[in-house]
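For the single chain, residues carry numbers from 1 onward in sequence order.
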Amino acid sequence: MSPTTFDRREFLSSGLALAGATLLGVTACSHEDALAPPAPPPPESDQSSANALDGDLAEPRVIGSVGGILAAAITCSTRPVTIAGRQVMQPVTYNGTFPGPTLWVRPGDTVDLSFTNNIIFDQADTKPGYGRPPRPTNATNLHYHGMHVPPTGTADNMLVMVPAHGSRRYLFQVPFDHPAGLFWYHAHVHGLVTNQVGRGAAGMIYVANAYTDQIARAGIRRRLMMLQQAYFDEELRSTIISDDGDRDDPVLALSLINGQQMPEIRMRPGEPQVWSLLNGSSSAFYLLRLEGHTFDVVADDGIPLRAPGRLRQPALLMPSAKRLEVVVRASTKPGRYALSYDQYNQGVDSWPQRVIGTVVVEGAPWTGPDHPGVDSSTLLEDLSVLPIDPALRRTIVLGTNLGVPEGEFGRFTMNGHAWDPAYSEWTSTLDTVEEWLIRNDTDQDHPFHVHVNPFQITRINGASVPFDGYQDTAIVPRFGSITVRTRFTDFVGGPVLMHCHILDHEDMGMMTRFEIGPAAPLA
């Protein structure tokens, strides 16, 4: 890994040094989190090599910030890689690994990535006219999913497309009060998203702070786990594809954790571990279960839950793009416990039951401290109790155009139309809270995702939901609805995208945009 050269004076003169803005009602108790001493993992580490020695689940290489700057080179390429012991042709990977390297930062850090597009072929199952407007099938870019960073300039700018053999410098600052948690980065050029993410164009981002340092100092292990599917061509079985049609075939559809098939996850009897889980698939719904164990959810989509969290969950429902951080306490009884997906019917597609790994409980019993619970350094504002201007109540409708064949652009719609990059739904205003009714008029569940600002769910199918935090990806039930509230505090501009995170639905048109405008002047 060759880090790029970073000039601090250039960064400051670029105007990207951000004030400590408030994130949608999320406020830090102080800025001490950003100044806390670094904790494991080290700035540059190869977790996979370390863990391979004891047969434990390996994690992607970690690239961490040094002195408040994460400077790195990320190359997207289609060179063959090894996945689950299989030599694989035509992947789309970052730095040649599946998944890509993990970016490890802290609030206040500067991210300075030199991104290069070395995609060298056109995948046959993606038509140049699939996206709107039509574009070459080997264009790409980066989306910093869930990160509260600007949707403009050199940050999370979805107007950017990097052509084949092209490069792009992504440069932005993580806000000083950014929550600690799991986020991720992936390709996001419309019409090509399924094709690229489905073949591996994804990596994790972890934001650490004084709370995560406390967990590390207590000796409590944090595991970063990307859950993915890898689909293979029926005839060319060494070629990875994005089509999930053979999801029931255990040979053509692999369920992977950090790119590994059926790994072992080792724990001591009674040991608490934090599992930071990401559904990095293009379309799968996972109903995750660990035999003989429960999950205590402490964070959702990178944002700490309001204490005490969702305790003692027997299973975790995770649609595409969902991140959950959970405390798993190993049984006091040594043994081997199956980690598996229950069967889940999404309405149209059914995802099969499958064992994906084994938790091995062995060794000396845990004698260290228990996990301290939810991160209380991040305060969450309950937006449901605030008055809402009637003009700021908006409706978003997820629909299907039955006149367009399945697999063609225009099949899925948002607010009655397919994705149109020239059309904006509205302009929101800084210093306001909006309420959105997101209605699903289709016969299948859709995971709704919005960029830049997370939201608070206040109702599901009209019934009130107790306040326990914010999300950026949530299931809208078939023929049902969710009501959410969101606050705009910073980052004027756009486009800010919102879409279904079943990525072929997005590519077929279930996406739209809005902008964020400046606050109204005081009278």
Side-chain angles (χ1 to χ4, degrees), residues 18-28 107 143-153 155-159 172-185 188 205 207 299-306 321-323 378-384 386 388-389 392-396 414 424-438 447-458 465 467-474 476 482-501 506 511-520:
L18 306 176
T22 301
L23 165 57
L24 187 67
V26 178
T27 55
H143 168 47
Y144 301 93
H145 186 119
M147 294 290 289
H148 183 66
V149 296
T152 55
D156 197 27
N157 189 339
M158 294 295 94
L159 295 177
F172 58 88
Q173 187 178 28
V174 180
F176 282 99
D177 57 359
H178 201 290
L182 181 62
F183 305 87
W184 62 308
Y185 62 101
H188 208 297
I205 303 172
V207 180
D300 192 331
D301 287 341
I303 301 175
L305 291 182
R306 192 182 191 191
K322 174 58 68 177
R323 287 101 59 216
T378 299
L379 305 179
L380 304 178
E381 179 185 17
D382 183 357
L383 302 178
S384 69
L386 302 179
I388 295 288
D389 184 335
L392 300 182
R393 297 180 188 270
R394 309 186 190 277
T395 299
I396 303 162
M414 190 168 283
S424 180
E425 298 289 341
W426 63 74
T427 297
S428 298
T429 304
L430 286 185
D431 301 329
T432 62
V433 176
E434 295 188 355
E435 181 175 278
W436 302 348
L437 172 67
I438 306 164
F448 173 84
H449 169 58
V450 64
H451 293 202
V452 181
N453 291 288
F455 51 77
Q456 174 188 339
I457 298 178
T458 60
V465 174
F467 172 54
D468 71 353
Y470 302 142
Q471 306 173 47
D472 62 59
T473 305
V476 187
I482 63 173
T483 303
V484 307
R485 290 191 174 189
T486 185
R487 180 191 287 279
F488 302 99
T489 60
D490 46 22
F491 304 148
V492 170
V496 180
L497 302 186
M498 48 188 174
H499 57 87
C500 176
H501 220 283
E506 173 194 333
M511 179 166 72
T512 192
R513 62 179 280 186
F514 68 98
E515 274 67 42
I516 302 173

Contact check, side chains of [X] and [Y], non-hydrogen atoms, under 4.5 Å:
| X | Y | result |
| --- | --- | --- |
| Val450 | Phe514 | yes |
| Met498 | Trp436 | yes |
| Arg487 | Leu386 | yes |
| Ile396 | Phe448 | yes |
| Glu515 | Pro495 | yes |
| His148 | Val452 | yes |

Query raised in the report: Using the ring of each side chain (for Trp, its six-membered ring), is His145 parallel, tilted or perpendicular to His449, with breaks at 30° and 60°?
Result: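 Plane angle under 30°, so parallel.
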
Strictly distance-based, threshold 3.5 Å: is any side-chain N or O of [X] a donor or acceptor partner for the main-chain N or O of [Y]?
| X | Y | value |
| --- | --- | --- |
| Thr483 | Thr458 | no |
| Asp156 | Val149 | no |
| Tyr470 | Thr486 | no |
| Glu506 | His499 | no |

Query raised in the report: Between Lys322 and Asp301, is the closest basic N to carboxylate O distance under 4.0 Å?
Result: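 Looking at Asp301 and Lys322, the cut-off is met.
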
Query raised in the report: Between Glu425 and Arg394, does at least one N-O distance fall below 4.0 Å, as a salt bridge requires?
Result: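 Salt bridge absent between Glu425 and Arg394.
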
Once you round to the nearest 0.5 Å, how far does [atom1] of [X] lie from [atom2] of [Y]?
| X | Y | atom1 | atom2 | answer |
| --- | --- | --- | --- | --- |
| His451 | Leu497 | NE2 | CG | 4.5 Å |
| Asn453 | Glu434 | CG | CD | 10.0 Å |
| Arg306 | Asp300 | CZ | CG | 15.5 Å |
| Leu182 | Arg323 | CG | CZ | 6.5 Å |
| His188 | Asn157 | NE2 | CG | 12.0 Å |

Query - With Ser384 via side chain to side chain donor-acceptor pair (under 3.5 Å) - residues at least two apart - result: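 Partners of Ser384 by the side chain to side chain donor-acceptor pair (under 3.5 Å) criterion, ordered by chain and then number, come out as Asp382.
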
Query raised in the report: Taking the six-membered ring where the residue is Trp, are the ring centres of Phe183 and His178 under 6.0 Å apart?
Result: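 For Phe183 and His178, the ring centres are under 6.0 Å apart.
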
